[in-house]
Amino acid sequence: MLLELGPYPAEEAARWTKFARRVLLEIQSNSTLMEKISGDVITLWRMYINEWATTAERQLSAGEPFRWQVELESEVAEFLLHALDQCWHSAELEDRVAPEDVRLNHGFTMHVVRAFVDGLAEQGHGCEHYADQVLASFGGTLD
C-alpha cells in the first residue's frame, strides 16, 4: 500500500517528530505499556519518525510543506496503526504525556492516522474492514 503524508506544514511535522520520540521513550520506560506494544513496532515507528524528522527539517529549510511517501505491506501498516491506536487510547500513556503536548500535536497525529486508514482502505475488503474499525476507534477526532 502507498502511505502518503502531506502536504502539511513542515514546522508542525518537525514538532510532531520530537513529540513522538518522547512518546516512544515513555512507552519503553513503562513495563505495562511495553506489555501492550512490541519492541518490533517501536523499532519500526522510530525508523519512520527519524525519516519524517529528516524530511521535515529539510523541507522546512527549503520553505516547502512536508511531503513523504513509501510503499508498505498492508500487514506492516496494520501493525503500525494498531500500535498507534493502542497508544492513543492508553490511560498509562495519557498519565505520562502533557495534555498541552497532545493538543499541540493532535493535528499531525490525526493526519498520520488518516494516511494509514486511507492507504489501507484502498487495498481491498480485508484492509478496508480494519480501516473502518480504526475510524470507529478514533471517532470524531479525525474530522
Side-chain angles (χ1 to χ4, degrees), residues 1-94 96-124 126-139 141-143:
M1 72 157 244
L2 181 63
L3 176 64
E4 289 184 280
L5 298 178
Y8 210 87
E11 182 178 326
E12 291 183 39
R15 180 183 63 220
W16 184 89
T17 62
K18 292 174 185 165
F19 168 72
R21 285 174 174 153
R22 285 196 320 266
V23 168
L24 290 179
L25 290 173
E26 290 296 338
I27 292 168
Q28 290 181 293
S29 69
N30 183 293
S31 60
T32 303
L33 288 169
M34 283 301 294
E35 290 174 11
K36 295 178 183 179
I37 309 295
S38 80
D40 290 342
V41 80
I42 289 173
T43 299
L44 275 173
W45 268 113
R46 182 170 286 116
M47 180 187 74
Y48 286 117
I49 291 165
N50 289 340
E51 283 185 33
W52 298 346
T54 300
T55 301
E57 290 299 331
R58 184 179 66 248
Q59 292 171 337
L60 182 60
S61 295
E64 300 170 350
F66 176 77
R67 291 179 192 269
W68 182 88
Q69 66 181 28
V70 71
E71 283 288 335
L72 286 178
E73 293 182 23
S74 298
E75 295 81 13
V76 172
E78 288 179 3
F79 184 58
L80 291 165
L81 185 56
H82 178 71
L84 180 58
D85 189 23
Q86 282 186 304
C87 290
W88 185 259
H89 295 97
S90 167
E92 295 90 2
L93 193 56
E94 185 177 318
R96 300 173 76 93
V97 178
E100 180 67 10
D101 286 339
V102 173
R103 187 189 65 73
L104 281 172
N105 293 287
H106 181 267
F108 193 77
T109 302
M110 294 304 106
H111 181 72
V112 170
V113 170
R114 176 57 74 181
F116 273 97
V117 166
D118 290 349
L120 286 168
E122 290 183 16
Q123 295 302 299
C127 293
E128 187 175 12
H129 178 69
Y130 181 68
D132 288 342
Q133 288 177 332
V134 172
L135 285 174
S137 175
F138 281 91
T141 60
L142 284 171
D143 298 336

OG1 of T17 to CZ of R22, rounded to nearest 0.5 Å, is 10.0 Å
To the nearest 0.5 angstrom, please state how far the CG atom of N30 sits from the CD1 atom of I37. 10.5 Å
Of all heavy-atom pairs linking M1 and F116, the shortest is CE-O, 4.2 Å
With distance as the sole criterion, is a donor-acceptor pair present between the side chains of T109 and W16 under 3.5 Å? yes
Under 3.5 Å, is there a donor on one side chain and an acceptor on the other for S29 and R96? yes
Would you say L25 and R21 make side-chain contact, with heavy atoms under 4.5 Å? no
Side chain D101, main chain V97, donor-acceptor under 3.5 Å: no
Just by distance, do the side chain of S61 and the backbone of E57 share a donor-acceptor pair under 3.5 Å? yes
If you measure from CZ on F19 to CD1 on I49, what distance do you get to the nearest 0.5 Å? 10.0 Å
Between W68 and L3, is there a side-chain heavy-atom distance shorter than 4.5 Å? yes
From Y48 atom OH to L5 atom CG, the distance as rounded to the nearest 0.5 Å: 11.0 Å
Regarding R67 and E4, does a basic nitrogen lie under 4.0 Å from an acidic carboxylate oxygen? no
On a heavy-atom basis, the closest approach of A13 and A56 is CB-CB, 4.0 Å
Tell me if the centroids of the rings in F66 and F108 come within less than 6.0 Å of each other. yes
Can any side-chain N or O of R58 pair as donor or acceptor with the backbone N or O of A53 at less than 3.5 Å? no
Just how far is it from atom CG of L24 to atom CG of L33, taken to the nearest 0.5 Å? 11.0 Å
Does Q28, at its CD atom, have more than 12 non-hydrogen atoms belonging to other residues, nucleotides or ligands within less than 6.0 Å? yes
Hey, could you give me the CD1/OG1 distance between I27 and T32, rounded to the nearest 0.5 Å? 12.5 Å
Would you call the rings of H111 and Y8 parallel, tilted or perpendicular, where under 30° means parallel and over 60° means perpendicular? tilted
Are side-chain heavy atoms of N50 and W45 found at a separation under 4.5 Å? no
Counting heavy atoms not belonging to E73, are there more than 12 under 6.0 Å from its CD? no
Any side-chain heavy-atom pair from M34 and I42 closer than 4.5 angstrom? yes
Report yes or no: does H89 contribute a side-chain atom to a donor-acceptor pair with the main-chain N or O of D85 at less than 3.5 Å? yes
